[in-house]
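Order of appearance sets the numbers: ligands from 1, and atoms from 1 within every ligand.
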Amino acid sequence: MKTKHYNVFVIGSGIAGQTAAKICAKAGMSVAISDNRKFGGTCATRGCDPKKILMQFADITKKTHQLKDLGFKKTPKVKWKDVQKFKKSFTKPVPLETETTLTELNIDLYHQSPRFSNINEIIVEGKTVTADKFVIATGFVARALEFKGADLLETSDTILKLKNIPKSAVFIGSGYVGMEFCYMLSTMGCKVTMIEASDSALSPFDSFLVEKLVKLLENNGVEFIFNAEPTKLEKKKKNNKLTYKKGGEIKSIKARKVFNTAGRVPAVGKLELANANIKADDSGVLVNDFMQSVSNDNVFACGDVSSKSLPLTPLSGLQGYIAGHNLVNGNSKEFENPLVPSVVFTQPQLASVGYSEEEAKDRYKNVLIYKGDALDWYNAQKENAEGYAYKILVNERTKKIVGAHLLSSQANETINVFAMAINNNMTVDEFKKQIFTYPSFTNDLKSMLKDPD
Ligand SMILES: Cc1cc2nc3c(=O)[nH]c(=O)nc-3n(C[C@H](O)[C@H](O)[C@H](O)COP(=O)(O)OP(=O)(O)OC[C@H]3O[C@@H](n4cnc5c(N)ncnc54)[C@H](O)[C@@H]3O)c2cc1C
Ligand SMILES: NC(=O)c1ccc[n+]([C@@H]2O[C@H](COP(=O)([O-])OP(=O)(O)OC[C@H]3O[C@@H](n4cnc5c(N)ncnc54)[C@H](O)[C@@H]3O)[C@@H](O)[C@H]2O)c1
């Protein structure tokens with residue numbers, strides 16, 4: 001059988017893989033790309049983008065709850081079927097559009113998972129394919145849980161496709177995915193229970209703000225069960241029954257839907273990496289700052305599946321760009337761990353950039369902490385907000401802002417202002433000199449820097 005050969009073979013057609021493949025093809029290299037699902041990757045088809053389309057209906061519902069009897073007589077009724085149709089108008093065209101763009105660049109497409117058979121050889125669609133270089137950009141998949149009946153669990157893929165809002169739901173895991181969908185479903189009238197293995201939700205975020213967010217969700221009917229370990233899932237006639245262990249006791253809960261939101265892991269299971277001497281661990285394919293495998297020079301990895309940094313879309317795109325650049329030009333661009341703002345799209349939103357309080361205290365001799373509740377400020381009052389709070393960290397010696405943590409209805413936007421300030425080494429005084437629009441949540445950021453604790 002004839003062996004096909006390419007300069008570059010890319011595995012995974014998300015933002016990371018696509019970016020690398022396009023750079024190589026535009027530079028005149030022969031390129032192929034494979035995906036074992038529809039082309040386009042997680043963010044555009046089953047992640048960030050469709051999530052935000054659905055979520056805006058929860059956000060408006062939430063807002064009308066807050067302003068009920070202050071002008072709104074009742075909450076508008078949401079036709080979930082139409083919401084899904086609207087979402088589909090974004091997601092459905094993605095695979096064909098992605099394939100068309102790639103094909104127009106003369107990139108060959110494969111629609112199955114390859115497996116490495118040798119140091120520079122894969123088997124895909126029953127064919128043997130060799131390449132000078134490989135790019136692994138396969139992203140993350142939901143972590144498989146191992147208790148009895150865990151195969152009945154549904155993931156974020158199904159949440160995004162729900163035909164209607166279920167009466168009740170249990171989420172196993174209260175990280176980004178669990179908390180965002182907990183907020184969305186509970187706001188739309190679903191009775192939600194969160195089963196969490198650790199003693200808090202959203203552990204990477206600031207605990208002062210997380211506690212407030214959890215309380216708000218509880219006030220809205222969500223039940224959080226911390227330090228709990230699921231042990232069995234059974235399908236009953238209408239409901240599912242989840243058994244879990246807490247404090248030595250065995251308990252159970254029934255719900256229409258039970259979702260696995262217990263984390264996501266690098267998607268490398270099908271690739272048989274060992275055959276090509278590609279080292280990987282729980283963090284993903286081990287790469288150096290050039291996004292090149294530490295154990296096989298001919299392999300690059302980028303995006304969520306690489307061992308570098310946070311699994312977020314902007315970073316995956318950046319890593320795809322660096323891998324592509326280095327494949328074309330030789331190793332000349334490094335991944336320098338940029339400052340990354342991130343946000344949990346609940347309402348209020350929880351956003352963070354720079355050092356946490358613990359990290360700042362480890363790094364600097366003295367840290368000024370500007371922390372408070374802003375619920376009685378005009379911006380919160382005018383929308384009858386349930387939560388508005390902040391914690392800003394400043395190196396006392398230099399007066400430079402080194403971390404910012406916000407809980408607010410606009411935190412997804414305002415956190416970017418702090419990202420710019422930190423990136424530009426701004427001091428508190430320099431920040432406060434800025435003139436921002438009024439009234440705006442950005443303008444409030446200056447008031448947050450009034451009195452340290
Ligand atoms: C529900 C959800 C919401 C999210 N929301 C946000 C958000 O709001 N903001 C944000 O920044 N990030 C968000 N993320 C994370 C974001 O989606 C990822 O960081 C981003 O998509 C990673 O891009 P990537 O190219 O590395 O991987 P992916 O986009 O996951 O692409 C990997 C591709 O590889 C394919 N693949 C996997 N295994 C194989 C194989 N063996 N063979 C061939 N192909 C394979 C997959 O099918 C996929 O198409 C969210 C994720 C989820 C799940
Ligand atoms: N808004 C965003 O930017 C956004 C949204 C969604 C996802 N993401 C990305 O996707 C990644 C994955 O998110 P995620 O929410 O799937 O994972 P996560 O790691 O953020 O949260 C998983 C949670 O599940 C808990 N858990 C683990 N095993 C458990 C068990 N057996 N029983 C009960 N609880 C258990 C963990 O303690 C943790 O709290 C994130 O790190 C993020 O980078 C980003």
- Should you measure from each heavy atom of Ile11, which atoms of ligand 1 turn up under 4.0 Å away? 42 (N), 43 (C)

- Shortest reach to atom 30 (O) of ligand 1 by a heavy atom, considering only Val268, Leu310, Thr42: Thr42

- Charged tip of Lys371 within 45° of Phe208 ring normal and under 6.0 Å: yes

- Message: Within the 4.0 Å heavy-atom shell around Arg37, which atoms of ligand 1 are there?
- Response: 47 (O)

- Message: Any carboxylate oxygen within less than 4.0 angstrom of a Lys/Arg side-chain nitrogen, looking at Lys246 and Glu249?
- Response: no

- Polar contact flag for Lys270 and ligand 1 (N/O pairs, less than 3.5 Å): no

- Check each of Ser342, Pro266, Ser156 against atom 1 (C) of ligand 1 and report the one with the nearest heavy atom. Ser156

- In this structure, CD of Glu121 is separated from NE2 of His5 (nearest 0.5 Å) by 11.5 Å

- Task: Using distance alone, determine whether Glu180 and ligand 1 share an N or O pair under 3.5 Å.
- Result: no

- Among protein heavy atoms, which sits nearest to atom 37 (C) of ligand 1, and what does the distance come to when rounded to 0.1 Å? Thr138 O, 3.2 Å

Acceptor/donor pairs from residues 54-61 side chains to any protein atom, 3.5 angstrom cut, sequence neighbours excluded:
unit_1: Gln56; atom_1: NE2; unit_2: Ile53; atom_2: O; d: 3.4
unit_1: Asp59; atom_1: OD1; unit_2: Tyr183; atom_2: OH; d: 2.5
unit_1: Thr61; atom_1: OG1; unit_2: Phe57; atom_2: O; d: 2.7

- Query: When only distance counts, is Gly17 in polar contact with ligand 1, meaning an N/O pair under 3.5 Å?
  - Reply: no

- Looking only at protein heavy atoms, what sits closest to atom 11 (O) of ligand 1 is Thr313 N, 3.0 Å

- Note on the structure: Shortest non-hydrogen pair, Val214 vs Met179, comes out as CG2-CE, 4.2 Å

- Message: Check whether Asn379 reaches the backbone of Ser440 with its side chain - one donor and one acceptor, N or O, closer than 3.5 Å.
- Response: yes

- Message: Taking Leu153's backbone N and O only, do any of them form a donor-acceptor pair with Asn260's side chain (distance below 3.5 Å, no angle check)?
- Response: no

- Would you say Gly40 contacts ligand 1, with heavy atoms under 4.0 Å as the rule? no

- N-O pairing of Lys212 and Asp373 below 4.0 Å: yes

- Compute the minimum heavy-atom distance from Arg264 to ligand 1 and say whether it is under 4.0 Å. yes

- Check: of Gly47, Pro311, Gly317, min heavy-atom distance to atom 15 (C) of ligand 1 comes from Pro311

- Message: Quick check on contacts: which atoms of ligand 1 are under 4.0 angstrom from a heavy atom of Phe345?
- Response: 8 (O)

- What protein heavy atom sits nearest atom 25 (O) of ligand 1, and how far off is it? Ala16 N, 3.0 Å

- Note on the structure: One finds that the ligand 1 atoms under 4.0 Å from a non-hydrogen atom of Gly303 are 26 (O)

- Any N or O on Lys38 sitting closer than 3.5 Å to an N or O of ligand 1? no

- Note on the structure: In this structure, atom 46 (C) of ligand 1 is nearest to the protein heavy atom Asp35 OD1, 3.5 Å

- Task: If you have a sec, work out which protein heavy atom is nearest atom 41 (N) of ligand 1 and how many Å separate them, to one decimal?
- Result: Ser113 OG, 2.9 Å

- Protein contact of atom 5 (N) of ligand 1 - nearest heavy atom, named by residue and atom, plus distance: Lys51 NZ, 2.9 Å

- Heavy-atom donor-acceptor pair, Thr138 side chain to Gly12 backbone, under 3.5 Å: no

- Any side-chain donor paired with an acceptor under 3.5 Å for Glu196 and Ser198? yes

- Task: Name all pairs fulfilling the salt bridge (Lys or Arg N to Asp or Glu O under 4.0 Å) condition that reach into residues 139-151, sequence neighbours left out, sorted by first residue then second.
- Result: none

- Just going by heavy-atom distances, which of Ile122, Val10, Leu312, Asp304 is nearest to atom 26 (O) of ligand 1? Asp304

- Query: In the protein, which heavy atom is nearest to atom 34 (O) of ligand 1, and how far is it?
  - Reply: Gly12 CA, 3.2 Å

- Query: If you measure from atom 50 (C) of ligand 1 to every heavy atom of Cys48, Ala267, Ser316, which option wins on shortest distance?
  - Reply: Cys48

- Query: What is the distance from atom OG of Ser117 to atom CD1 of Ile122, rounded to the nearest 0.5 Å?
  - Reply: 8.0 Å

- Message: Are any of the N/O atoms on Pro314, whether in the backbone or the side chain, positioned under 3.5 angstrom from an N/O atom of ligand 1?
- Response: no

- What distance do Leu152 atom CG and Lys232 atom NZ have between them, rounded to the nearest 0.5 Å? 12.0 Å

- Which pairs count as side chain to side chain donor-acceptor pair (under 3.5 Å) when at least one residue sits in residues 36-46, sequence neighbours excluded? Arg37-Asp157

- For atom 45 (C) of ligand 1, grab the closest protein heavy atom and report residue, atom and distance to one decimal in Å. Asn36 OD1, 3.2 Å

- Message: List ligand 1 atoms under 4.0 Å from Gly14, heavy atoms only on the residue side.
- Response: 25 (O), 29 (O), 31 (O), 33 (C)

- Message: Tell me whether the rings of Tyr321 and His325 are parallel (<30°), tilted (30 to 60°) or perpendicular (>60°).
- Response: tilted

- Between the side chains of Asn7 and Ser30, does any donor sit under 3.5 Å from an acceptor? yes

- Query: When Asn239 is tested against each of Lys257, Glu234, Arg256, Lys254 for side-chain hydrogen bond (donor to acceptor under 3.5 Å, both in side chains), which residue passes?
  - Reply: Arg256

- Message: So that I can tick it off, tell me whether Lys361 and Glu357 are bridged by a salt bridge, with the cut-off set at under 4.0 angstrom between side-chain N and carboxylate O.
- Response: yes

- Task: Below 4.0 Å from any atom of ligand 2, which residues have a heavy atom? Give them in chain and number order, please.
- Result: Lys51, Leu145, Ile172, Gly173, Ser174, Gly175, Tyr176, Val177, Glu180, Ile195, Glu196, Ala197, Pro230, Thr261, Ala262, Gly263, Arg264, Pro311, Leu312, Val343, Phe345

- Taking Glu180 as the fixed residue, which of Gln349, Lys51, Lys52 is the one that meets the side-chain hydrogen bond (donor to acceptor under 3.5 Å, both in side chains) rule? Lys51

- Item | Leu271 neighbourhood, listing ligand 1 atoms whose heavy-atom distance to it stays under 4.0 Å | 41 (N)

